[in-house]
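The block underneath contains the structure these notes are about, expressed in C-alpha cells.
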Amino acid sequence: MKNNQRKFKDGILQGLIYASTSVTIGILIIIIGFVLYKGLPGVNYNFLTRMWDSQTTIVDIDRNSVTGGSAEENYVESLGITIALDDGYIIIKDIKKDSPVENALNIKKVPYELKEKDVIAKADSTTFRDITAEEAVEVLNEGTGAIRLKVTRPGGGIVPMVISTVYIILLTLMIAAPIGICAAIYLNEYAKPGKVLNVIRFAIQNLAGIPSIIYGLFGMLVFVQNFKMQYSILAGGLTLSIMLLPTIISTTEETLKEVPNVYRQGSMGLGATKLQTISKIILPSALPGILVAIILSIGRIVGESAALIWTAGTVAQIPTALVGSEAGAATLTTKMYWLIKESADLESATSIAVVLLALVILLNLLSKIITKRFLRNRTGN
Amino acid sequence: MNNAGKEKMVTENAAIGNQAVGNQKDYKDLVFRTIFLLCALLSVLSVIAIITFVFTKGLKPFFGENAYSFSDFITGLKWDPGKEVYGIFYMIVGSIIATLGAIMLGVPIGLMTAVFIAEIAPKKMVAIIRPAIELLAGIPSVIYGAFGLGVIVQLIKKVSPTGQGESLLAVICVLTIMILPTIITLSESSLRAVPKSYREASYGLGASKIQTIFKSVVPAARSGILSATVLGIGRALGETMAVMMIAGNNIGGLPGSLWDKIRPLTSNISMEMSYASGRHQDMLFATGVVLFLFILVINLLLIKITSKVGAQGTKN
C-alpha cells in the first residue's frame, strides 16, 4: 500500500519534471519558429545590403560611348547602362564595364557611383514620369558631353544599423575591456581582504543588478545632457561600458583564478617582478577566458535597447562622428524596438529579429568553441 | 595558509632577489598597481555617480517652491502629465503583481527543468538542452516583446472577456519566460554543487531517485535556489522593453484581474522619456528612483544570501 503511494507520488513528480523541461524547450522552439515564420520572408539581399532610408542624389556624368551591350533592349549607349520600367519608375537594370556612371560625381564633386536598381527620376530638365523605357533611352542619349541625373537609391535595408552596432561594440569594448581587465587584475592579484576590497565587491554586485533602463536614464542625464554629447555613439558607448563592467570584471576574475598558483610562484621564483609575472605569465594563460568575457559582452551590447535609446538615439544613419548630431545611431535592436513602437511594423521588426537571432547564436557558438579549446588545453597541462 | 599569505611571501622573496636591479622596477610596479586600483575603484565611482545623478533629478520635484506632494506621488492612482497629475501607486502594484506572478510560475518550472538537467537527463541530452537554455538567455528582450505582441497577446485576445490582449496576464507570461534561463542555470549549478554523499546516504536509506532529489538534494541546494529566485525578481522588476509592448500602459487605476491592463514602473519611464521635459521628465526620473530603491533592496538581499552561501561553502 505504502509502496504504491510512493510510486504514485514519484510518478507525478517525474511527470512534472518532464513537463517543465518540455515547456522550457517548447517555448524556445516557438519563439524561434515565430521569428523565422514572420521575419524570414522579409530577409533578402536588398534587406541586407541597402540603406534604411531611400536616398536622392543629383549626379553629373561625363558621357562616353560604351558599345558592350548594344544588342540588349533599352540599352543607353552613351552611359553604358540598360534601363527598364519598374512599377512606373525608370530603374538601372544593368551596368556595363567601364560605364561612365561608375565615375559619377555628386554636386559637391564627390564620387557617387551609380548602382543597379537605382531609380532615375530626372535627366537634365526632363522628369521621368509616365514615360516608357524607349522614350527614356532617347532622352538619355540626347546631346553629348555631361548629363545631370537625379537618382534615387531605394532604402529598406539594415546596413546603417549593422554598421552602428559594430561601431558601438568597438567603442564600448575599447573603453570597458581595458578597465574591466585591469580591475579584475587588481582584485585577483593585488587586493588584500579588507575594507577597500569589500567596498569594490559591493559596488560591482550592485552595478550588476541595476536594470538597463536606469543606465539609460543616467546616460541620458550625464552624457547626453550634461556633457552635451547629444544622442551619439560615444554617449551610448560610455553608458554601455559602465553597464558591462561587472560582466567583464567577474568573468575575467574567474579566469584569473583558474591560472594555477604554481605559475605565479615559478615566475617570481625566477626573479620576475609581479608586473612581469602578470603581463608575461598570467595574462597570456588567461587570454581565452578574457576572450569569452568579451564575446559575452558583445552579446549583451547586441541585445541592449533600454540603455541605448536615450543615449544613442534611434536615427538610422551611419555615424560619422563620435558626438553631435552626426553621431546619432540606431543599433539593430533599438531600430527593432522603434519599428514596433512607433510604426507598429511587426514584419520588418521580426526580419531584424532574424538577423539578431543569427548573431546571438553565432556568438554563443564562438564562446563555446573557445571555452572547449581552452578547457582541453588546461586538462592537457 | 591562505592564498594572500602565500602570495605575500612570494612577493617578499622576489623583492629580495630583485634588490640588485634597483628601484626602477619597484617604481613601475607601483604605477601599474595604482592604475589597476583606480580601474577597480571606477566601479565604486560609477555606482555613486548613478545614485547621485538619478536621485538628485528624481527628487527635485518634491522640494523647493511649487513642490509636488510626495505622498500624492507615491499613493496616486492616476498618471496624467497633461494635467500635472503624477501618481504611481497603481504602477508599483502592477510591477509587484506581475513580478510575483512571474516568480510563482517561473521558479517551479525553472527548478524542475534544472532538476532534469542536473539529476535525470543523460549526458547527450544535456548537451542539447544546455545550449538551448543559453540561447534563451541570450535572446534580446525586444525579441521577447515582439513574440509577446505577436503570439501571446493575440492568444489572450481570443479568450479575454475584455477583448484586449495587452494585459497583466500577458506581462506575467513573458516575464516568466524571460526569467527561466536565470532560474535554471543558477539552480542547476547549486544542485550540482550538492555533495555526492547526500545522494548516496539517501539511496542507502532506501529512498527512490525522486525522493532523493526532492527530500535531500533540493533542500541542500535551497540557498542557491533562493538566490536564483531573488535574481529573477530583480530581472522581472527591471525588465523594460518587452513589458512595455504588451502591458497596455493604462493611465490610471489598480488592476482588478489578470485581464486588466497594467503600467509597470519601467514602462512608465520608457513610454514617455523621448518627449518629456521639465517637471514631466523629473517625474519620470522620480519613477526611476522608486524602481531603483526596489532594486537596491533586492541587491542587498541577494548579496546577503550569496555571502551566506559562500560562508557555508568554506564550512563544508
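Each chain gets a letter, A, B and so on, in the order its sequence line appears, and its residues count up from 1.
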B:Ile184, part contacting chain A, at a heavy-atom distance under 4.5 Å
side chain
Of the backbone (N, CA, C, O) and the side chain (C-beta and beyond), which part of A:Ile200 lies under 4.5 Å from a heavy atom of chain B, both, or neither?
both
Heavy-atom distance under 4.5 Å to chain B: side chain of A:Ala306, backbone, both or neither?
both
Would you mind telling me which of B:Phe214, B:Tyr144, B:Phe285 has the largest number of heavy-atom pairs within less than 4.5 Å of chain A?
B:Phe285
Taking the inter-plane angle between the rings of B:Phe36 and A:Tyr190 on a 0 to 90° scale, is it parallel (under 30°), tilted (30 to 60°) or perpendicular (over 60°)?
tilted
Would you check if B:Ser270 and A:Trp310 make a side-chain contact, meaning some heavy-atom pair closer than 4.5 Å?
yes
Measuring heavy-atom distances to chain B, does A:Ile242 have an atom under 4.5 Å in its side chain, in its backbone, in both, or in neither?
side chain
I'd like a table of donor-acceptor pairs (distance under 3.5 Å, sequence neighbours excluded) in which one partner is a side-chain atom from residues 37-55 of chain B, with atom names and distances.
from: B:Ser43; atom 1: OG; to: B:Ala40; atom 2: O; distance (Å): 2.7
from: B:Ser46; atom 1: OG; to: B:Leu42; atom 2: O; distance (Å): 2.8
from: B:Thr52; atom 1: OG1; to: B:Ile48; atom 2: O; distance (Å): 2.5

Which answer fits B:Ile120, side chain, backbone, both or neither, if we ask what part of it has an atom under 4.5 Å from a heavy atom of chain A?
side chain
If you round to the nearest 0.5 Å, how far is CD1 of A:Ile17 from CD1 of B:Ile210?
4.5 Å
Which residue pairs pass the salt bridge (Lys or Arg N to Asp or Glu O under 4.0 Å) test with at least one member in residues 200-227 of chain A, sequence neighbours excluded?
A:Arg201-A:Glu253
When the 4.5 angstrom heavy-atom criterion is applied to A:Tyr337 and chain B, the contacting part is both
Can you check whether B:Arg33 reaches A:Lys274 side chain to side chain, under 4.5 Å on heavy atoms?
no
Quick one: does any side-chain atom of B:Asn299 pair with a main-chain N or O of A:Asn206 as donor and acceptor, under 3.5 Å?
yes
